[in-house]
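Note on naming: letters A, B, ... go to the chains in the order of the sequence lines (proteins, then strands), and numbering restarts at 1 for each one. The structure presented is a predicted model; accordingly, all values stated were derived computationally and were not measured. Heavy-atom basis, side chains included; hydrogens, waters and symmetry copies ignored.
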Amino acid sequence: MRSGMSTHPIKDEDEDDTERLLKHYLNLEPNLTALYEYWSSVDPNFKKRAPKFTGVRILKQDAWEALMVNNLCLHYGPLIGHVDAQPYHDFPAPETLTGPGVEAHLRELGFGYRASYIAKTAKMVAKEKPEGWLQNLSNVDHSPDQKMPPGGRDGYRKAHEELLQLQGVGPKVADCVCLMGLGWGESVPVDTHVWQFAQRDYKFGKGKHKSLTKATYDAVGDHFRQLWGIEAGWAHSVLFAADLKTFSERLTSKAKEIKVEEVKVKQEGETTVEVKTVVKQEYLLNGIKDEFEEENTVELIKDFKDSPRNQRAKRRRLG
DNA sequence: GTTAAACCTATTGA
DNA sequence: TCAATAGGTTTAAC
């Protein structure tokens, strides 16, 4: 990719558009700092957790691509080219996945019960729905200061509803497509992680909204839309990242280094007191208070004394 | 209207 | 090896 800092105007004319495409796909235009500041100003929980998860952006994917998955490209997508002898394939068009043997083949490829969903959805999009159906569900209005009801703009509600007709597409997947493939910023996909922190930090999971029914699903989305505004789906992604196990290692990685040092030091001494010291340091490093401290305490104790009781305690707290 | 069971495979950690 | 995790949607049953 060209850097865009060329001093040769003549060459700029045939400069490729890779940078422009990347900026668009990675959605680099919006001011992340301003957005984070706004979300932090309206939500103390966001303010507490977001600093460890900066730089989260919502991709501007193709809607059909957002609807489907990865492994498909290798077997159905057209070959784009090679990098270091490694072949790269584009995403297959829905028409490519409408053949009679597709479902069986996808099962062989390990898609499991989703094989039939993919095959049926491809048929619906390619054959049963009118031309441009999916793309026409996109948000095209980018004017600032739009009003948005808690349920979202009409276009978002329409897109969400239409997507639910597809086989294997429920509210969560529909919202993922709305958010990343169709440009509806207020879309909040509620998956298991979002449901976890909705219960832990936003008082869901009791009373009227005890379990994640459709009514609860909508209520969670409405709450976050009301709280975070028209880019609620973006704010949601920041906290989603914070809830993932793979990413949450960020919260303890530095402390683990210190923990190792502490273990060496205490080699000849008693354990309990010194473990607590480590926890304190981790707590300071993280800058995250209350319940996090407790979780880390349990985990660290588990590391040193791996008793079944402590394992149960950890599972219970981490839920 | 809500809940439970069934659907599928792959990866990771104890 | 087994449980947890990736993990929502559909269908049947209450």
Interatomic distance where [atom1] belongs to [X] and [atom2] belongs to [N] [whole Å]:
X        : N      : atom1 : atom2 : answer
A/Tyr117 : C/dG7  : OH    : C1'   : 12 Å
A/Lys120 : C/dG8  : NZ    : C1'   : 16 Å
A/Arg114 : B/dA10 : CZ    : C1'   : 11 Å
A/Leu164 : C/dT9  : CG    : P     : 8 Å
A/His209 : B/dT2  : NE2   : P     : 10 Å
A/Leu212 : C/dT10 : CG    : C1'   : 15 Å
A/Tyr113 : C/dT9  : OH    : P     : 9 Å
A/Arg107 : B/dA10 : CZ    : P     : 13 Å

Does C/dT5 have OP1 or OP2 under 4.0 Å away from a side-chain N or O of A/His193?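 For A/His193, the contact criterion (side-chain N or O under 4.0 Å from OP1 or OP2 of C/dT5) is not met.
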
Does B/dT2 have OP1 or OP2 under 4.0 Å away from a side-chain N or O of A/Ser211?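 No, no such contact exists.
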
Mind checking side chain to side chain donor-acceptor pair (under 3.5 Å) for A/Gln135 and listing every partner two or more places apart, or none if nothing turns up?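 A/Ser138.
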
Nearest listed nucleotide, side chain of A/Gln167, among C/dT9, C/dT10, B/dT3: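 Comparing C/dT9, C/dT10, B/dT3 against the side chain of A/Gln167, the answer is C/dT10.
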
Identify the two heavy atoms, one from A/Val173 and one from A/Val169, that lie closest to each other, and give their separation to 0.1 Å.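 Looks like CG1-CG1, 4.0 Å.
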
So, are A/Asp201 and A/Arg49 salt-bridged, with charged N and O less than 4.0 Å apart?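 A salt bridge is present here (some side-chain N lies under 4.0 Å from a carboxylate O).
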
Show me, pair by pair, the donor-acceptor contacts under 3.5 angstrom made by side chains of residues 96-107 of chain A, not counting sequence neighbours?
| residue | atom | partner | partner atom | Å |
| --- | --- | --- | --- | --- |
| A/Thr96 | OG1 | A/Ala93 | O | 3.1 |
| A/Thr98 | OG1 | A/Glu95 | O | 2.7 |
| A/His105 | ND1 | A/Tyr76 | OH | 2.6 |
| A/Arg107 | NH1 | A/Gly112 | O | 3.4 |

